[in-house]
Amino acid sequence: MAEVVKKLPIGIESFEKIRRDGFYYVDKTGLIKELLENWGEANLFTRPRRFGKSLNMSMFQYFFEIGCDKSLFDGLEIAKDSYLCEQYMGKFPVVSISLKDIDANNYETARSMAIKVINQEARRLQFLLDSEKLSEYDKQLFSVLLQPDMDDKSLFYSLKEITELLCKHYEKKVIVLIDEYDVPLAKANERGYYDRMIDLIRNLFGTVLKTNDYLYFAVLSGCLRVAKESIFTGLNNFNVFSITDVEFDEYFGFTDAEVKEMLQYYHLENNYETVKEWYDGYRFGSVDVYCPWDVICYCSKHRKNKMLPPQNYWLNTSGNEVIKHFINDMNRQKTITRTEMERLIDGEAVQKEIRQELTYPELYSSSEHIWSALFMTGYLTQRGIPDGNLFQLAIPNREVRNIYTEQILSLFKEEAADDGAALNAFCAALEKGNGDEVEQQLTAYLSKTVSIRDTFARKPTKENFYHGILLGLLGFKAGWTVTSNREAGDGFSDIMIRIDGSELGIIIEVKYAERQMEEVCRTALEQIDKMHYADDFRRDGFSVVLKYGIACNRKACKVLAEKEQLVD
């Protein structure tokens, strides 16, 4: 009988579901042993989104909680340590909550959602209402935690009271797991109620984490290391394990060996170099890692279609607000230089001072803080060895680079639309077949945006940026129908333009040129002829076609134009 191929766990964050239902699992259970060897009373893991934080938190719950199914760990790394498993597996009451869904437009709704989170965990533990070890007063206290109309005092003490009641019932101290602890703060900061939310979170966490005699230890996960003074004041035994720390560095993200093994399992080993270029490049502690979300999505999409181009999977999991702030700051405030942005896009590093403890309001208060935010959220990574707080920062991979260029192009389009005179002059030159004027106008546009050299990109990728600039300009011209990479003749033309009420068609072929730009323009024009791109216009009864070969390099361009009569 043929072996059943394991399913890919896209979006599945339950350790139990992955292990029980035949999903592919990259073994990170060694994290449990390291945690037990290094834990403090409270332990915070900070990593960018989609790097396996929630799955690891679920793994903790299914390992430590009393009544756990020990078979879930059969064959995994942690099972080799029989002594540790005997001492810790299934030995503790556990409180486990996630704050990732607290996403509201106002404080009142966010507070109600926080209560729902507590209600949900209380319902999971409502066997306490039948406990013979709890008094009637204890049970009345617990009943309040099941109600949707909790007052502030009950909400603030809710987690501590649950640990107290669990400890009384089991006569064992409690492990507390809080996943995505900072999501409510991020959302509150975006929507203007940060001060009220920080007060809620400070009280909720403070009661359960500080001087709590019922707590064995707590583990929190999040994206940012929020300043201790804003939430964890007075908590002395507090361990933070961030992306710069060597401890636990291999347990969030996939290592190169783990990616190779996964690709081989799904018969995608020939795609290794592409996966590495697009999704590798993050540096956590002393280990280089891939984004797990990207690798899993890539394998899922390519199992049936191995020739499918790579895609930006991580981009679609967030609004990318920090990038938007960064690009806007560069363009409007001028505190981030265009040269710095160009160096990053080119695959180089820039040196910046990084502050790893920030409050959310501080993130965008200065350009220097934005660098820290980009680093901690995964839009930049470290290269080499830091010099104190000075880090060499670089864009990790092809996918993240695309996020930057897409935001740059988006801003470029907004500015181009605002300057109607320049846009009309450019389009008028195109329509007249005036190559020199097109070149002059396009050069003016290129001088206003970030240039692209990108030494680690393949040539077709470099061309995409300039292709995007042209599409951004042409897309605003009323009465022009612009198609891109459309099948035409014997291939796919870069850009084809049809003008309402006109028998004139325009074909544009864009090339990236290292040198000899005029020669590259002629090559582009020859490609238009060789691949018969004009045949579409001929079949549709157009009388004239204008053909443009455009070569670009950073802020320079060369344009050659030819005119062809389609009807004698």
Side-chain angles (χ1 to χ4, degrees), residues 277-278 309-312 315 327 341-342 345-347 398-399 401-417 422-423 426-427 429-430 435 438-477 480-489 491-498 505-514 517-518 520-528 530-531 533-534 536 545-561:
E277 177 189 352
W278 276 73
Q311 299 175 35
N312 299 337
L315 169 66
I327 301 299
M341 175 60 76
E342 289 169 355
I345 296 294
D346 288 347
R398 172 67 44 213
E399 180 189 40
R401 176 194 175 277
N402 286 351
I403 297 174
Y404 281 89
T405 55
E406 287 174 14
Q407 288 298 323
I408 291 168
L409 286 172
S410 177
L411 182 62
F412 175 83
K413 291 176 185 178
E414 292 176 13
E415 294 178 339
L423 182 62
F426 176 71
C427 292
L430 269 178
V438 171
E439 180 180 314
Q440 181 179 338
Q441 294 289 340
L442 183 55
T443 299
Y445 276 118
L446 292 178
S447 69
K448 298 176 183 178
T449 191
V450 171
S451 66
I452 298 294
R453 178 167 58 91
D454 196 2
T455 54
F456 59 81
R458 288 190 289 268
K459 186 166 175 279
T461 306
K462 298 176 185 180
E463 292 168 359
N464 289 343
F465 183 76
Y466 299 101
H467 191 161
I469 285 179
L470 283 167
L471 289 175
L473 294 172
L474 299 171
F476 291 109
K477 182 61 176 176
W480 285 30
T481 301
V482 182
T483 55
S484 172
N485 289 322
R486 176 183 173 184
E487 189 172 359
F492 293 85
S493 62
D494 272 1
I495 298 172
M496 298 181 72
I497 303 169
R498 288 168 166 79
I506 299 173
I507 302 172
I508 301 173
E509 186 69 26
V510 185
K511 298 289 184 185
Y512 180 82
E514 296 286 356
M517 298 181 73
E518 185 167 336
V520 172
C521 287
R522 297 195 185 282
T523 300
L525 291 170
E526 289 170 4
Q527 180 177 326
I528 293 173
K530 181 180 178 181
M531 304 305 290
Y533 292 160
D536 267 22
V545 65
L546 291 173
K547 298 175 287 188
Y548 287 93
I550 299 180
C552 297
N553 184 305
R554 298 186 76 84
K555 296 184 184 297
C557 74
K558 181 67 179 176
V559 178
L560 293 182

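We're numbering straight along the sequence, starting at 1.
Here the closest non-hydrogen pair linking Ala556 and Leu446 is O-CD1, 4.0 Å. The nearest pair of heavy atoms linking Gln311 to Glu399 is O-OE2, 4.0 Å. Across every non-hydrogen atom of Leu471 and Ser484, the tightest pair is CD1-OG, 3.6 Å. Among all heavy-atom pairs drawn from Ala444 and Ser447, the shortest one is O-OG, 2.6 Å. Taking both residues in full, the closest heavy atoms of Ile506 and Leu430 are given as CD1-O, 4.1 Å, listed atom of the first, atom of the second, then distance.
Take Gln441 and apply the side chain to side chain donor-acceptor pair (under 3.5 Å) test, not counting sequence neighbours, and it matches Glu437. Among residues two or more places apart in sequence or in another chain, the side chain to side chain donor-acceptor pair (under 3.5 Å) test is passed with Glu518 by Arg522. The side chain to side chain contact (heavy atoms under 4.5 Å, CB included) test applied to Thr523 returns no partner, not counting sequence neighbours.
Not a single donor-acceptor pair under 3.5 Å links the side chain of Tyr548 to the backbone N or O of Cys521. Listed for the His467 side chain is a donor-acceptor partner under 3.5 Å among the backbone atoms of Asp494. Distance alone, capped at 3.5 Å, places no donor-acceptor pair between the Tyr533 side chain and the Lys547 backbone.
One distance of note links CD1 of Ile550 with NZ of Lys511; it measures 12.0 Å at 0.5 Å rounding. Here the straight-line distance linking atom CG of Leu470 with atom CG of Leu442 works out to 5.5 Å at 0.5 Å rounding.
Considering only heavy atoms from C-beta on, Tyr512 stays 4.5 Å or farther from Val520 through its side chain.
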